[in-house]
Amino acid sequence: MIVHDMTFSTHFDFVAVPPYNFKLTVHKPAGWSLLTPFEVFERGTLWTVLRVPSGMVFGLKMKSEGTVDAPRVSCLAYSGHRLATNQRTELYETVKWMLSADEKVNDFYALANNDSLVRAITEDLYGMRRTKQPDVFSMLILAVTLQMAPIVRSNQMMELLIKQYGEKARFDRKEILYWPSAQTIAETSVAELKRNCKLGYRATFLKAIAETIQNGFPSVHELEKMPPAEAKLKLMELKGIGEYSADIVSPHSGFALDVWSARIFHMLFFGSEPKSPRDVIPKLKKIAEARWGEWRGYVFLYVLHDLDRLSKRLSLKLTDA
DNA sequence: GCGTCCAGGTCTACC
DNA sequence: GGTAGACCTGGACGC
């Protein structure tokens with residue numbers, strides 16, 4: 001395992017566009033991690049690991065020093081060597097971008113005036129912002145391991161991949177494990193990936209994806225500059241990446257329905273279980289686009305992090321999936 | 001303890 | 001262009 005001993009640190013802080021709830025944004029209610037499953041969140045402070053698009057790895061210690069209506073985020077970044085000016089600039093810009101600090105969501109909140117579901121979720125999770133992972137390969141690992149597996153098994157595959165082939169960052173008296181690089185997976189055989197990480201047929205996909213990325217693939221910023229449909233098609237050129245996985249990985253806010261979330265949105269739209277969740281996905285996507293337009297990705301995010309309270313509000317069993 | 005089923009998609013062959 | 005069937009594996013379940 002590659003170990004990064006990070007003894008150099010640099011501090012910066014920045015304001016975010018209100019309303020902005022730092023805790024809800026970096027430590028979301030459903031428990032999904034911001035950057036790595038092994039990050040630590042304690043008493044309002046997050047210790048995590050970031051790989052910026054140019055490839056450098058940083059340890060991050062972040063906390064809020066403001067309020068939801070006057071938000072300010074403090075960030076202490078650790079590295080293995082003193083940073084050049086351009087490296088510091090990339091780090092600063094990437095962190096702000098990752099946390100959607102400059103994103104204006106007024107139009108999303110305005111939907112609450114005429115949409116009771118949006119009203120409920122924005123009341124419950126006021127100030128929560130979407131986040132973006134600048135490391136495309138880690139998102140591709142997530143997407144591939146989520147395919148055709150119960151969540152317990154997906155977590156098992158991800159943890160094995162990180163523990164066997166990932167990287168370790170040591171900083172601020174913490175040790176945080178991080179996703180493997182595309183280079184490491186490209187240099188590992190399919191048989192070894194299958195054996196060590198219980199990936200099954202997904203090992204072939206992951207190896208092929210890693211090799212494609214090594215040979216040259218758009219960065220997350222380049223994907224973001226493309227029209228959403230073009231970025232999605234580019235991602236779908238990768239072996240094992242279909243429509244659902246591309247929606248998860250794309251930096252454009254998507255409506256990535258799988259059979260689990262399709263069941264939830266069918267319950268929300270129609271109050272009943274779908275007979276075949278997979279078959280209703282295209283129909284549900286059309287309804288969401290017509291109802292919420294460009295903000296459907298935000299609705300998706302808020303709903304999936306608000307299932308407990310929504311279930312009570314609407315008297316629906318949304319959390320049994 | 002053992003056998004069976006199937007999961008938070010995607011690819012391929014075939015029509 | 002649409003649609004079955006196959007795909008790794010291990011946890012859940014029934015017996």
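Heavy-atom basis, side chains included; hydrogens, waters and symmetry copies ignored. Every chain is numbered from 1, with letters handed out A, B, ... down the list of sequences.
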When Watson-Crick pairs (N1 to N3 and N6-O4 or O6-N4) and G-U wobble pairs (N1-O2 and O6-N3) count only below 3.5 Å on both distances, what is the dot-bracket string of DNA chain B, with | for other-strand pairs?
|||||||.|||||||
Determine, step by step, whether A/F269 and A/W292 satisfy the ring-ring contact (aromatic ring centres under 6.0 Å, His included) criterion, reporting the C-alpha distance in whole Å, the side-chain angles of both residues, the deciding distance to 0.1 Å, and the verdict.
CA-CA 13 Å; A/F269 290 151; A/W292 301 307; 5.7 Å; yes
Heavy atoms from other residues, nucleotides or ligands near NZ of A/K96 exceed 12 (cutoff 6.0 Å)
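Count over threshold, so yes.
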Kindly check if the number of other-residue, nucleotide or ligand heavy atoms within 6.0 Å of CZ (A/R119) is above 12?
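Yes, the 6.0 Å shell around CZ holds more than 12 heavy atoms from other groups.
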Where along residues 146-164 of chain A does a heavy atom come under 4.0 Å from DNA chain B, residue by residue in number order?
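Listed by number, they are A/L146, A/Q147, A/M148, A/A149, A/P150, A/I151.
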Assign each of A/W32 and A/G240 to its nearest nucleotide of DNA chain B by heavy atoms, then name whichever residue's nucleotide is nearer the 5' end.
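Result: A/W32.
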Suppose you measure atom [atom1] in [N] against the same atom in [M]; what distance do you get, rounded to whole Å?
N     : M      : atom1 : answer
B/dC6 : C/dG5  : C1'   : 15 Å
C/dC8 : B/dA13 : P     : 14 Å
B/dG8 : C/dT3  : P     : 24 Å

How many whole angstroms separate atom [atom1] of [X] from atom [atom2] of [N]?
X      : N      : atom1 : atom2 : value
A/R202 : B/dA7  : CZ    : P     : 13 Å
A/L206 : B/dT10 : CG    : P     : 14 Å
A/K239 : B/dG9  : NZ    : C1'   : 13 Å
A/E243 : B/dT10 : CD    : P     : 8 Å
A/F265 : B/dG8  : CZ    : C1'   : 14 Å
A/L235 : B/dT10 : CG    : C1'   : 15 Å
A/L257 : B/dT10 : CG    : P     : 12 Å
A/Y201 : B/dT12 : OH    : P     : 13 Å

Contacts of type side-chain hydrogen bond (donor to acceptor under 3.5 Å, both in side chains), residue A/K132, not counting sequence neighbours
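Checked A/K132 against side-chain hydrogen bond (donor to acceptor under 3.5 Å, both in side chains); matches are A/E224.
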With a 4.0 Å cut-off on heavy atoms, is [X] in touch with a base, just the backbone sugar-phosphate, or nothing at all?
X      : answer
A/I241 : sugar-phosphate
A/S261 : nothing
A/I281 : nothing

Distance-only, no hydrogens or angles: does the A/H81 side chain make a donor-acceptor pair with backbone N or O of A/F8 under 3.5 Å?
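No: the side chain of A/H81 does not pair with the backbone of A/F8.
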Salt bridge [X]-[Y], side-chain N to carboxylate O under 4.0 Å:
X      : Y      : value
A/E211 : A/K207 : yes
A/D124 : A/R313 : yes
A/K225 : A/E222 : no

Name the one of A/I209, A/V249, A/I248 that satisfies side-chain contact (heavy atoms from CB on, under 4.5 Å) with A/L235?
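In the set A/I209, A/V249, A/I248, the residue that makes a side-chain contact (heavy atoms from CB on, under 4.5 Å) with A/L235 is A/V249.
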By salt bridge (Lys or Arg N to Asp or Glu O under 4.0 Å) - contacts of A/R202 (at least two apart):
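Result, salt bridge (Lys or Arg N to Asp or Glu O under 4.0 Å) vs A/R202: none returned.
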Set of salt bridge (Lys or Arg N to Asp or Glu O under 4.0 Å) partners for A/D247, sequence neighbours left out:
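Partners of A/D247 by the salt bridge (Lys or Arg N to Asp or Glu O under 4.0 Å) criterion, ordered by chain and then number, come out as A/K232, A/K285.
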5' to 3' contact window, DNA chain C with chain A (heavy-atom distance under 4.0 Å)
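Nucleotide range with atoms under 4.0 Å of chain A: C/dC7 to C/dG11.
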Just checking, is any N or O donor in the side chain of A/D135 or A/W179 under 3.5 Å from an acceptor N or O on the other one?
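A/W179 and A/D135 do not have a side-chain donor-acceptor pair below 3.5 Å.
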